[in-house]
Novice: 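Structure incoming, see below.
These values consider heavy atoms only, across backbone and side chains, with no hydrogens, waters or symmetry-generated copies.
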Amino acid sequence: MAGIVQGGLTRFIVKRFGEARTALFGLCVAVLNFAAYGFATEGWMIYVILIVGSLGSVTGPAVQGLISRNVGADEQGGVQGSLTSLMGVAGIIGPPIATTLFAYFIRKDSLVYLPGAAFLFSSLLMLLAMLLALVSFKRNAVHFTR
């Protein structure tokens with residue numbers, strides 16, 4: 001689903017709303033998407049969440065576009081490499097955090113039985129990312145135009 005959105009819809013969404021709005025839209029969708037996964041109680045819900053949540057995959061290309069326009073040509077490789085490194089670190093530390101949260105919240109002696117706790121934590125992280133993006137856009141005078 002993400003491939004379909006990135007390959008087919010992203011350029012139309014970015015063209016219509018601009019990179020900054022598209023990035024914020026994608027982050028907002030991700031916040032809601034992870035929260036929905038966290039509270040899903042039936043298997044069929046995952047398919048609906050997957051379809052609607054795939055719209056959040058517009059975030060990456062929009063952010064890449066913002067970066068490429070705001071970083072000098074001599075710095076783009078370093079910035080892109082840094083982003084890739086951060087994704088690698090997230091790929092390393094994310095699974096142990098998620099499995100620990102899952103293990104804790106399904107235990108019989110946990111305060112709350114919440115199998116979706118890892119998704120809710122992810123939703124909070126995405127909300128933080130959205131707030132940081134807003135602060136960054138304001139600080140760097142990013143205009144929300146097309």
Novice: Just by distance, no angles: are the side chains of Gln80 and Gln64 close enough, under 3.5 Å, to form a donor-acceptor pair?
Specialist: yes
Novice: Determine the minimum heavy-atom distance between Ala133 and Leu27, stating which atoms define it.
Specialist: CB-CD1, 4.0 Å
Novice: Name the one of Phe119, Phe105, Phe102 that satisfies side-chain contact (heavy atoms from CB on, under 4.5 Å) with Leu114?
Specialist: Phe105
Novice: Is a side-chain donor or acceptor of Gln6 paired with a backbone partner of Ser57 at a separation under 3.5 angstrom?
Specialist: yes
Novice: Within a 6.0 Å radius of atom CZ on Arg139, are there more than 12 heavy atoms belonging to other residues, nucleotides or ligands?
Specialist: no
Novice: For Tyr104, which of Val112, Asp109, Leu111 qualifies under side-chain contact (heavy atoms from CB on, under 4.5 Å)?
Specialist: Leu111
Novice: Please report the shortest heavy-atom distance between Leu50 and Tyr37, naming the atom on each side.
Specialist: CA-OH, 3.7 Å
Novice: Where is the tightest heavy-atom contact between Ala62 and Val14, given as atom of each residue plus distance?
Specialist: CB-CG2, 4.5 Å
Novice: Of all the heavy-atom pairs spanning Leu66 and Ala23, show the shortest one and how long it is.
Specialist: CD1-CB, 4.4 Å
Novice: Please report the shortest heavy-atom distance between Val71 and Val79, naming the atom on each side.
Specialist: CG1-CG2, 3.9 Å
Novice: How many angstroms lie between atom CE of Met87 and atom CG of Leu83, to the nearest 0.5 angstrom?
Specialist: 8.0 Å
Novice: What closest approach, in Å, do Gly26 and Val58 show between heavy atoms, and which atom pair accounts for it?
Specialist: CA-CG2, 4.0 Å
Novice: Drop me the distance from Leu120's CG to Phe39's CZ, to the nearest 0.5 angstrom.
Specialist: 4.5 Å
Novice: So if you build clusters from Ile, Leu, Val, Met, Phe, Trp, Tyr with side-chain heavy-atom gaps below 4.5 Å, do Phe17 and Phe25 land together?
Specialist: yes
Novice: What's the separation between atom CZ in Phe137 and atom CD in Glu19, rounded to the nearest 0.5 Å?
Specialist: 9.0 Å
